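Here is the structure we will look at.
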Amino acid sequence: MTLLQKRRLALGSIFFIAGLCFASWASRIPDIQMKFNLSEAQLGTLLLGLPIGSLVALPLAGWAVYKFGSKKVILASGLGYLIFLPLIGFSPSILLLVPIVVVFGMIGNMMNISLNTQALALEDSYGRSILASFHGLWSLAGFTGAGIGAAMIYFNVLPKFHYLFIASIVFLTLFLARTYLINEQKAGGGGGLVLKKPDPLLLRIGAIAFLGMLSEGCMFDWSGVYFKKVVEIEPGLVALGYVSFMGAMAGGRFVTDRIINKIGRLNLLRISGILIFFGLLLAVIIPVPLTATLGFLLVGFGVAAIIPIAYSTAGRSKLYSPGVALAMVSTISFFGFLLGPPLIGYIAEIFDLKVSFSLIAVAGLGIAILSTVRIEVFESEQSVEINEAS
């Protein structure tokens with residue numbers, strides 16, 4: 001293997017363990033609820049700690065990556081996972097668990113920003129798009145983590161021992177991969193603790209990421225409910241919509257780079273928006289198992305490329321360092337992920353789920369429009385070929 005290939009393998013393995021840690025935590029949430037005898041409302045309050053921590057960490061992550069470099073932040077975040085994932089399992093009280101979950105959310109976003117900054121540096125060395133494949137590994141880790149979690153539950157392994165097992169994988173991976181991470185030079189552009197006003201390029205790509213994460217958040221939380229209440233599928237197949245969406249998104253990310261290198265980023269963004277739009281409309285207009293599953297597959301393929309393209313574009317801002325630019329776009333898109341699920345619920349309460357999903361379909365149309373009108377905003381970023389294939 002060449003040095004570049006070793007660097008890619010090392011970085012991909014860390015993307016994988018980052019996804020594995022998150023999926024492992026999520027797979028044992030019902031056990032944690034039972035351990036502390038939490039009501040649905042109390043569990044919701046606990047789970048709110050994760051996005052709060054993520055939000056707090058966004059400006060800190062951009063500053064830390066700018067100040068210390070992405071390699072050091074990746075290793076520090078990995079150390080955080082080693083400590084705080086097992087602490088979730090060993091926590092003796094809910095009062096202690098809440099701040100642990102908040103810190104766990106902060107670690108996740110520190111890792112997210114630093115990993116993507118490192119990936120952009122490696123992408124520059126390759127001279128072609130490779131970022132989406134790393135996001136594909138993160139998605140694949142979600143399936144793996146869910147599978148390991150199911151096995152641990154089946155064999156009655158307590159969450160604390162489950163999390164210690166995952167922590168041992170994290171330690172081994174970081175130990176083997178650390179040598180091949182890039183010590184990138186401090187990039188040109190501004191970097192600071194406080195997020196500044198984004199430039200037109202970051203605002204545009206942030207809006208696209210917002211709509212993409214709005215769609216993604218809805219699919220994560222409401223796929224099963226839609227298949228149960230609207231598609232009225234038999235109980236054993238309720239998860240079919242979620243699995244089809246997640247499978248298409250994960251698989252789509254492994255081919256996104258190849259498509260970008262052939263047709264360019266803007267063209268793929270337009271296609272992605274159209275896939276989300278028509279996929280959701282298909283599931284709404286003909287809500288039967290076959291067409292709804294096909295529609296959710298289209299949405300999964302549509303969502304797959306949006307965040308990798310948004311991060312790849314933002315990370316090459318000439319006004320801000322990659323870490324700060326990524327933090328800006330992440331902040332904007334993060335609100336889409338938070339806003340989407342409750343928005344679906346509020347609209348469904350007034351009308352129904354079909355109306356909710358129809359309005360989210362408009363988000364896909366918005367992505368296509370934002371990728372088509374006034375494209376001179378994208379052309380202002382000369383360091384990335386957006387319109388044409390690399």
Side-chain angles (χ1 to χ4, degrees), residues 17-64 73-74 76-115 138 141-142 145-146 149 152-153 158-164 166-167 170 193 195 210 213-214 216-222 307 326-327 330-346:
I17 61 168
L20 188 65
C21 285
F22 181 81
S24 298
W25 138 255
S27 70
R28 304 309 297 266
I29 288 174
D31 297 281
I32 292 171
Q33 181 182 21
M34 186 181 301
K35 175 182 176 181
F36 294 107
N37 194 27
L38 301 176
S39 67
E40 302 299 325
Q42 289 171 328
L43 178 62
T45 302
L46 172 65
L47 297 181
L48 189 61
L50 204 69
I52 288 174
S54 298
L55 190 59
V56 170
L58 282 169
L60 292 172
W63 170 80
V73 179
I74 288 171
S77 301
L79 179 61
Y81 273 141
L82 281 173
I83 297 171
F84 280 87
L85 181 61
L87 277 179
I88 292 174
F90 281 95
S91 178
S93 70
I94 190 65
L95 290 178
L96 186 59
L97 181 59
V98 169
I100 290 173
V101 170
V102 171
V103 176
F104 187 73
M106 293 178 66
I107 292 167
N109 229 328
M110 297 288 283
M111 180 67 89
N112 174 45
I113 300 299
S114 56
L115 278 178
W138 197 97
M152 292 289 183
I153 292 170
L158 293 175
K160 58 185 177 182
F161 298 120
H162 173 191
Y163 293 159
L164 279 175
I166 298 299
V170 172
L193 182 58
L195 291 180
F210 173 90
M213 291 293 278
L214 184 76
E216 190 173 328
C218 292
M219 298 302 289
F220 273 125
D221 288 8
W222 288 92
I307 293 301
L326 286 172
S330 292
T331 301
I332 297 170
S333 64
F334 186 76
F335 282 108
F337 194 76
L338 287 181
L339 177 63
L343 181 64
I344 284 279
Y346 295 143

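Since we're looking at a predicted model, the values are computed, not measured.
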Exercise for review: Mind checking ring pair (Phe, Tyr, Trp, His ring centres under 6.0 Å) for Tyr81 and listing every partner two or more places apart, or none if nothing turns up?
Suggested key: Phe104
Check your understanding: How many angstroms lie between CD1 in Ile107 and SG in Cys21, if you round to the nearest 0.5 Å?
Key -> 9.5 Å
Check your understanding: Is a side-chain N or O of Ser91 found less than 3.5 angstrom from the main chain of Leu87, in a donor-acceptor match?
Key -> no
Check your understanding: Can you check whether Pro51 reaches Leu55 side chain to side chain, under 4.5 Å on heavy atoms?
Key -> no
Check your understanding: Tell me, do Trp25 and Ile166 make a side-chain contact under 4.5 Å, heavy atoms counted?
Key -> no
Point to revise | Check against side chain to side chain contact (heavy atoms under 4.5 Å, CB included), Ile153 and Arg28 | key: CA-CA 8 Å; Ile153 292 170; Arg28 304 309 297 266; 3.6 Å; yes
Revision key, fill the gap. What one should report as the nearest heavy-atom pair of Leu58 and Ser330 is CD2-CB, 3.5 Å
Check your understanding: Considering residues, nucleotides and ligands other than Phe22, do more than 12 of their heavy atoms fall under 6.0 Å from its CZ?
Key -> no
**Study point:** For the student: nearest non-hydrogen atoms of Ala64 and Met110, plus distance
**Key:** CB-CE, 3.9 Å
Point to revise | Nearest heavy atoms of Ala18 and Met111, plus distance in Å | key: CB-CG, 4.0 Å
Review point. Side chain to side chain contact (heavy atoms under 4.5 Å, CB included) between Met219 and Glu216: does it pass, once the steps are laid out?
Key: CA-CA 5 Å; Met219 298 302 289; Glu216 190 173 328; 5.9 Å; no
Check your understanding: Should Phe36 and Gln42 count as side-chain neighbours, where that means a heavy-atom distance under 4.5 Å?
Key -> no
Point to revise | Full working for side chain to side chain contact (heavy atoms under 4.5 Å, CB included) between Ser27 and His162 | key: CA-CA 10 Å; Ser27 70; His162 173 191; 3.6 Å; yes
**Study point:** Closest approach of Phe210 to Ile332 (non-hydrogen atoms, all atoms of both residues)
**Key:** CD1-O, 3.2 Å
Check your understanding: Roughly how far, to the nearest 0.5 Å, is CG of Asn37 from CG of Leu43?
Key -> 11.5 Å
Exercise for review: Measure the spacing between SG of Cys218 and CE of Met213 and express it to the nearest 0.5 Å.
Suggested key: 11.5 Å
Check your understanding: Which heavy atom in Ser24 sits nearest to a heavy atom in Gly145, and how many Å separate them?
Key -> OG-CA, 4.5 Å
**Study point:** Stepwise side chain to side chain contact (heavy atoms under 4.5 Å, CB included) check, Ile32 with Leu97
**Key:** CA-CA 10 Å; Ile32 292 171; Leu97 181 59; 3.7 Å; yes
Revision key, fill the gap. Rounded to the nearest 0.5 angstrom, the CG-CG distance for Leu214 and Leu339 is 6.0 Å
Revision key, fill the gap. Rounding to 0.5 Å, atoms CD1 (Ile52) and CG (Leu47) come to a distance of 11.0 Å
Check your understanding: When rounded to the nearest 0.5 angstrom, what is the spacing between CD1 in Ile113 and CD1 in Ile74?
Key -> 11.5 Å
Point to revise | CZ/Phe220: more than 12 non-hydrogen atoms of other groups inside 6.0 Å | key: yes
Check your understanding: Can you name the nearest heavy-atom pair linking Ser54 to Asn109, along with the distance?
Key -> O-ND2, 2.9 Å
